[in-house]
Amino acid sequence: MELLADIAYARSGDKGDVCNVGIMAKRPDLYPLVLRCVTPDAVGRHLAGLVSGDIAVYRLDNIEAVNVVMRGALGGGATRTTRFDQTGKAMATALLRMPIEEAS
Amino acid sequence: MTKRVRIGSGSAYWGDMFEPAVALAERGEVSYIGFDFLAELTMSIFQRAKAKDPEKGYIPDLLTLLRLILPAARKHGIKLILNGGAANPAAAGRAVAKLAAELGLTGLRIGTVLGDDILGQLDDLAADGWVFENLDTGERGLDRVRGDIVAAHAYIGSEGIVGALADGADVVITGRVADSALYVAPLMHEFGWTFEDPDWDRIGAAITLGHLVECAECVTGGMSNVWESASCPWDIGFPILDVTDATDGVSAVLEKTPGSGGIVNQWTVKEHLLYETHDPASYLMPDGIGDFTTLQIEDLGDDRVRLTGMSGRARPDTLKAQIGYRDGWIGEGQVVFSWPDAPGKARRGIDFLQHRFAQAGIDPLALDMRFLGVDSLHGDVAPPMPMDPDELCLRVAARTLTREQADVVRREVTHLWTVGGLGTAFGTPSPPRPVIGLWPTLVPRAAVRPIWNVEEVH
C-alpha cells in the first residue's frame, strides 16, 4: 500500500470556491489508517498548487469515511475559474495520488 | 401507524438524459418523481433570458422532457416536481399548460411556486442594515458589485411545493428551491408532517434521503469509484426511495428502476452522501438540518441499500442565497503540437503567447496554461510529462476585464497554427464567454415568502 488510492475511495464536488472530497475507507480495518493519513496539513501539502485556503477534515465513524473541505480550492469557483476542471471533479483523484508515507 | 411511499429522481442537471426518467415513470412504481435542473450559475443565465423575453427564463428541456414523460405519469398517477421553472416558473407553468392541452391531458393540475427571486428586495434589506456577508470571501456589503448584479435567489424550502400538492397539483414547477426540498415536500405531504409541529429527526431524515437521490444517476453508478462494476451504463437506472414512516422513525430502501443498468451498493450511497457537502453533522437546508453522522447503511444486494438511523435538527432562521454579478470575461483556446519535439514546440508556443499578450497590453486577472492529457486536471500533483509524446495539447484560458481582451487570447492561440512550429492544429475555437461571479450569502428567512398557485388544464 503506497497511495491513498490503495486504501480508500474518494469523490469531490464544488460549492462556490469550496471543494470537498469525501474519502471512504475500502474496509473498516483501514479506517484508522485513513484517519492518520488524511489530515489538514497532509492534504494541504499534497494539494499546495491547487488549494490556497483553509482545510478542514470531518469524521464519519458511522460509515468509516472523512469529508475534506477546502476553501479557495477552485480558482475562484466554477463560473470564474480558468481551470479546465471547473467543478473540481478530479480533485478526488488528485488526492487519491497522495502517498501514504508522506502523511503518516 | 406505518406509512409508505415510493419516490424517484428524474434529473440531476440541465442537459441530463431523458430516457431513464421515462423508464422510471413507466416501470418504477413510484408516486412522485423529483427533477433537478439548476446549478449555481443557471439562475443568472435564465434571469438574463427572462430580461430579454418575459415568456422565457425557464429550462427549455422542461418541455422536451414533459412531452416524453407526461403520458406515463398520467397513466400511473405519478406527481412530478421540477425546479426547471428556473428564473420564471410562472411562464414555465403557462408553457406546460399549453403542452398538456396539446397532449389532451384535460384536468391536469399544474402548480407553480414563486418567492425565491429576491433581486427586488436587496436594496430594502441593505437599507435595513443586512450586510450580505460573502460566505466564500468574508466580504461584507454589496456596494462593490451592486451595479453588476443580474440575479439574486434564495434557496427556499418545501412549503410552496407542499402547498401546491395539498391543492391537488399533479405537476409542480418551481424556481430555486433547495434540491432536497423536491423530495422533502412529497414526504411531508404524504406523511402529514408540518413545520408548525415539527419532528426534526423525521425532517432531517427526509433531507438526508433527498440529498442522496437529488443527483439521480450519481447514486446509481455514475461519477462513481465502482463505475467499472456498473452494468450497461447506457441504460442507467435512476434512483428510487422506498420510504417508511413508522412510530420509531423514518427508514428507507434506496433502489433503482427495475431492469435498468447501473449499480446501487454501499459505495454508491457513501460517495453520494458526502458529495458537495461541508460539515456532515450539519447539512444546512431551508427545511431543517440533516445529520449524516447517525445514518446506518446496510447493503441488501441486488442493487438495494437500506438506510436507517437518520436524524436532524431545527431549521435555521436564515436562508442561503446566491447573488450573480457580471465579473469580466474568459477567453479560451487549444492548440495541439506534433512530434518531433512536441514539448519543445509547446515551450516556444507558451513563450510566443506571453510575448503577444504583453504586446497587446493584456494582463489577465487569471491565466491557466496546462497540457490536456498531462496536467490539466491535477496540476502540479500530476506526474512529469511523458518522454517524447507524439502530440501535446496546450489549453489556454484567461479571465479578463473586457470581451475584447478575452478575444485577443483566443486569436493569439489560433495564430500558433501558422506562426508556430510544423504540424500544429487548433480545432474549432469557442468565442469568449461572459463570467458571472457568484456571491453566496444568507438572508433572513422572514424576508422570503414562498407562494404557490395551482391551475387546471382545460
Side-chain angles (χ1 to χ4, degrees), chain A residues 5 8-26 45-51 53 56 58-98, chain B residues 39-41 44 134-137 215 218 223-226 266-267 269-281 292-297 309 322 324 327-328 330-332 364-370 372 376-383 395-399 435-440:
Chain A
Y9 292 126
R11 188 204 262 180
S12 51
D14 70 305
K15 282 278 180 267
D17 202 19
V18 179
C19 181
N20 83 295
V21 188
I23 299 176
M24 298 137 269
K26 287 186 178 178
R45 279 196 301 276
H46 182 68
L47 299 179
L50 292 167
V51 177
Y58 298 93
R59 291 171 64 141
L60 291 95
D61 294 350
N62 53 325
I63 58 168
E64 293 102 22
V66 296
N67 193 26
V68 180
V69 179
M70 308 180 292
R71 297 186 165 273
L74 295 168
T79 64
R80 297 174 88 223
T81 188
T82 50
R83 292 185 194 170
F84 188 72
D85 182 18
Q86 297 174 348
T87 54
K89 297 289 192 264
M91 197 71 84
T93 47
L95 193 48
L96 285 175
R97 274 192 168 278
M98 184 166 76
Chain B
E40 292 187 307
L41 174 62
S44 291
N134 185 314
L135 297 175
D136 269 1
T137 65
C215 290
C218 295
M223 204 192 286
S224 178
N225 290 271
V226 295
Q266 61 164 323
W267 302 114
V269 172
K270 286 178 182 177
E271 64 194 354
H272 199 76
L273 182 71
L274 294 175
Y275 183 60
E276 295 181 343
T277 65
H278 289 191
D279 179 355
F292 297 167
T293 65
T294 61
L295 169 69
Q296 296 299 318
I297 296 174
Q322 193 63 269
D327 193 21
I330 286 179
E332 187 170 338
L365 302 167
L367 175 65
D368 198 66
M369 292 204 264
R370 293 281 179 183
L372 298 183
S376 67
L377 298 180
H378 290 174
D380 298 342
V381 177
R395 173 192 175 266
V396 180
R399 188 158 61 84
V435 174
I436 297 295
L438 294 176
W439 187 290

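By convention in this document, chain letters (A, B, ...) are assigned in the order of the sequence lines, proteins followed by strands, and residues within each chain are numbered from 1.
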Query - Evaluation steps, side-chain contact (heavy atoms from CB on, under 4.5 Å), between A/Leu60 and B/Leu273 - result: CA-CA 11 Å; A/Leu60 291 95; B/Leu273 182 71; 4.3 Å; yes

Query raised in the report: Should A/Thr82 and B/Leu367 be marked as a side-chain contact (heavy atoms from CB on, under 4.5 Å) after you check the CA-CA gap, both sets of side-chain angles, and the distance that decides it?
Result: CA-CA 6 Å; A/Thr82 50; B/Leu367 175 65; over 6 Å; no

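The contact between A/Ala10 and chain B is made entirely by backbone atoms, counting heavy-atom distances below 4.5 Å. Looking at B/Arg395, only its side chain comes within 4.5 Å of chain A, counting heavy atoms on both sides. With a threshold of 4.5 angstrom between heavy atoms, B/Cys218 approaches chain A through its backbone and through its side chain. Of the two parts of A/Arg80, the backbone and the side chain both hold a non-hydrogen atom closer than 4.5 Å to a non-hydrogen atom of chain B. Residue contact with chain A, scored on non-hydrogen atoms closer than 4.5 Å, involves the side chain of B/Val226 exclusively. Residue A/Leu50 touches chain B through its side chain alone, counting heavy-atom pairs closer than 4.5 Å. Residue A/Leu95 does not touch chain B at all, counting heavy-atom pairs closer than 4.5 Å. Of the atoms belonging to A/Ser12, it is backbone heavy atoms, and not side-chain ones, that fall under 4.5 Å from chain B. Heavy atoms of B/Ala398 lying under 4.5 Å from chain A belong exclusively to its backbone.
Interface remark: of the candidates B/Ser44, B/Pro280, B/Pro440, B/Pro280 forms the most heavy-atom pairs closer than 4.5 Å to chain A. Most heavy-atom pairs under 4.5 Å with chain A, from the set B/Thr137, B/Asp380, B/Asp136: that is B/Asp136. Ranked by heavy-atom pairs shorter than 4.5 Å toward chain B, the options A/Gly49, A/Gly13, A/Ala90, A/Ala92 are led by A/Ala90. The most heavy-atom pairs under 4.5 Å with chain A, out of B/Asp327, B/Ile297, B/Val269, come from B/Asp327.
Residues A/Asn62 and B/Thr294 fail the side-chain proximity criterion, which asks for heavy atoms closer than 4.5 Å. Two residues are said to be in side-chain contact when any heavy atoms from C-beta on lie closer than 4.5 Å; A/Glu64 and B/Lys270 meet this criterion.
A/Thr81 contributes atom OG1, which lies 7.0 Å from atom CD1 of B/Ile330 (distance to the nearest 0.5 angstrom). A/Lys89 NZ to B/Met223 CE: the interatomic distance, rounded to the nearest 0.5 Å, is 4.5 Å. With values rounded to the nearest 0.5 angstrom, B/His272 atom NE2 is found 6.0 Å from A/Arg11 atom CZ. Atom-to-atom distance recorded for A/Thr79:OG1 and B/Glu40:CD is 8.0 Å, nearest 0.5 angstrom. Here the CG-CE distance, from B/Asn225 to A/Met24, works out to 5.5 Å after rounding to the nearest 0.5 Å.
A donor-acceptor pair under 3.5 Å links the side-chain atoms of A/Asn67 to the main chain of B/His278, judged by distance alone.
The two residues B/Asp368 and A/Phe84 come nearest to each other via the heavy atoms OD2-N, 4.4 Å. Heavy atoms only, all atoms of each residue included: A/Val69 and B/Thr277 are closest at CG2-O, 4.1 Å.
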